[in-house]
**Student:** 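I am attaching a structure below and will ask some questions about it afterwards.
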Amino acid sequence: MLTEINNPPLFDEDSRRPMGTFYGRRKQGTQEMKNTKYAVGVVLGMLAGAVQAQSVDVPAAEALLKKSGCMKCHSVSAEKEGPAFKKTAAKYKGQADAAAKLQTHLMSGPTIKVDGKEERHDIIKSKDDREIKNAVAYILSR
Amino acid sequence: MGWWQNLRQRCATCSRITLGAGVLAATLAISFVMLTAGAYGLAWTNTEQFCIGCHEMRENVYAEFKGTIHDKNRSGVRAICSSCHVPHEPLALVIRKMQASFEVWGHLTGKIDTKEKFEKNRYEMAVKEWTRMKKNGSQECRNCHHFDAMDEEKQTEKARGRHAKAKAEGTACIDCHFGIAHKEPDGPGPRELKIAK
């Protein structure tokens with residue numbers, strides 16, 4: 001196994017077999033099917049990525065977060081008074097109600113602890129549900 | 001003193017005092033011209049025009065800086081590149097300028113001449129600047145923002161608390177106020193940098 005990884009064969013064994021033989025066709029067919037499946041997978045993956053990317057308007061989200069003063073205590077990837085968005089995204093990863101939970105957190109001004117002292121979390125400065133949802137999606141996709 | 005004898009031979013009618021005064025005046029005049037030219041040169045390298053003379057700065061960090069509070073605000077007081085990135089104290093300024101001349105090498109070799117290359121090196125460059133700003137206690141911020149001159153009444157309760165803590169612990173401004181004029185680089189921030197003070 002190791003030898004094979006270190007010294008990959010120079011010729012493809014299959015390509016040496018004459019085309020048209022049963023073995024050759026069968027092998028080629030299987031490979032084609034695999035390729036098709038792979039291609040479908042790639043296209044689906046790209047579509048999913050595109051849908052996700054399309055659903056977050058990054059500049060709008062960043063502008064709202066800045067306007068709301070979020071960046072005073074939070075950052076995308078660095079440590080500050082509040083957790084980094086990447087940390088929040090990791091915390092909520094895989095949770096179906098992540099967006100709803102985070103939206104409530106941003107809109108209700110819950111009591112939080114900073115340096116052992118209790119304080120009220122600021123409320124996001126927008127009344128537009130779509131704008132807030134976009135900011136939530138932005139945070140969760142970091 | 002061969003040059004002195006030579007000078008005296010050239011002007012046999014001049015007295016020693018006249019010649020001496022002439023030499024002194026010439027030395028002073030040349031020194032004055034050189035010092036002024038040097039000061040102008042240094043000041044020129046501190047202008048916004050000089051900094052954005054290269055596309056690496058103009059199209060990346062400068063474009064990000066445009067529109068931020070340090071670029072445009074209600075009172076029109078601006079902090080340009082050198083206000084934050086070049087020490088104002090003369091000796092530190094000259095040392096930083098000498099270091100910067102080595103950075104010109106990066107420009108000549110095209111280290112960050114494309115958007116991709118710039119992004120690839122953004123974090124490393126940010127860490128360098130954060131380190132400098134942490135080591136000098138964010139002196140360039142404090143050239144304008146004085147802790148003692150802050151009107152706490154006008155700050156939010158949260159800001160008051162955070163500043164009091166920063167003052168007590170001697171935290172540098174950059175520990176919290178990073179990514180305010182340029183895009184935040186992807187990675188641990190200044191607070192996570194372990195730097196011996």
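Since the model is a prediction, treat every value here as computed from it, not as a measurement.
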**Student:** Which members of residues 112-126 of chain A, sorted by number, sit under 4.5 angstrom from chain B on a heavy-atom basis?
**Tutor:**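 Residues of residues 112-126 of chain A touching chain B at under 4.5 Å: A:V114, A:D115, A:E119, A:R120, A:H121, A:D122.
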
**Student:** For A:K91, is the NZ atom crowded, meaning more than 12 foreign heavy atoms sit under 6.0 Å from it?
**Tutor:**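 No, the 6.0 Å shell around NZ holds no more than 12 heavy atoms from other groups.
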
**Student:** Does CG belonging to B:L24 count more than 12 external heavy atoms closer than 6.0 Å?
**Tutor:**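 It does: B:L24 CG has more than 12 such atoms within range.
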
**Student:** Tell me which of these, B:H177, B:E157, B:K165, has more heavy-atom pairs under 4.5 Å with chain A than the rest.
**Tutor:**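 Sorted descending by pairs with chain A, the first entry is B:K165.
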
**Student:** Nearest 0.5 Å please: distance from the CZ atom of B:R162 over to the SG atom of A:C73.
**Tutor:**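 So the CZ of B:R162 and the SG of A:C73 are separated by 4.0 Å.
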
**Student:** Closer than 4.0 angstrom, basic N to acidic O: yes or no for A:E81 and B:R191?
**Tutor:**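 Salt bridge between A:E81 and B:R191, a charged N being under 4.0 Å from a carboxylate O: yes.
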
**Student:** Verify the cluster assignment for A:V76 and A:L106: are they in a single hydrophobic cluster under the rule of side-chain heavy atoms below 4.5 Å apart?
**Tutor:**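 Per the 4.5 Å side-chain linkage, A:V76 and A:L106 are co-clustered.
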
**Student:** For B:E192 and A:A78, indicate whether the former's side chain and the latter's backbone hold a donor-acceptor pair under 3.5 Å.
**Tutor:**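 Not at all, since once roles are kept as given, no pair shorter than 3.5 Å links the two residues.
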
**Student:** Under a single-linkage definition using a 4.5 Å side-chain heavy-atom cutoff for Ile, Leu, Val, Met, Phe, Trp and Tyr, are B:M125 and B:I180 assigned to the same hydrophobic cluster?
**Tutor:**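 Looking at the clustering, B:I180 is in a separate group from B:M125.
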
**Student:** Tell me the closest heavy-atom pair linking A:S77 and B:P185, and the distance in Å.
**Tutor:**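 For A:S77 versus B:P185, the nearest heavy atoms are OG-O, 3.6 Å.
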
**Student:** Please check if A:V58 and A:L64 belong to a single hydrophobic cluster, counting links between Ile, Leu, Val, Met, Phe, Trp and Tyr side chain heavy atoms closer than 4.5 Å.
**Tutor:**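 In one cluster: yes.
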
**Student:** Can you tell me how far CE of A:M71 sits from CD of B:E184, rounded to the nearest 0.5 angstrom?
**Tutor:**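 Going from CD on B:E184 over to CE on A:M71, the span is 5.5 Å.
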
**Student:** Answer with yes or no whether the hydrophobic clustering places B:I52 together with B:I80; edges join I, L, V, M, F, W, Y residues whose side-chain heavy atoms lie under 4.5 Å apart.
**Tutor:**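 They do not share one cluster, since no chain of ILVMFWY contacts under 4.5 Å joins B:I52 to B:I80.
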
**Student:** Is B:M57 linked to B:V86 within one hydrophobic cluster, defined over Ile, Leu, Val, Met, Phe, Trp and Tyr using a side-chain heavy-atom separation of less than 4.5 Å?
**Tutor:**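 As far as the 4.5 Å side-chain criterion goes, B:V86 and B:M57 are not connected within one cluster.
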
**Student:** Nearest 0.5 Å, what's the OG1-NZ distance between B:T68 and A:K66?
**Tutor:**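 Output value for this atom pair is 6.5 Å.
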
**Student:** Report yes if the side chains of A:E79 and B:P188 come closer than 4.5 Å at any heavy-atom pair, otherwise no.
**Tutor:**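 Result no, sub-4.5 Å side-chain heavy-atom pair not found.
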
**Student:** Is the shortest side-chain N to carboxylate O distance from B:D186 to A:K86 below 4.0 Å?
**Tutor:**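 Counted as a salt bridge, because a side-chain N and a carboxylate O are separated by less than 4.0 Å.
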
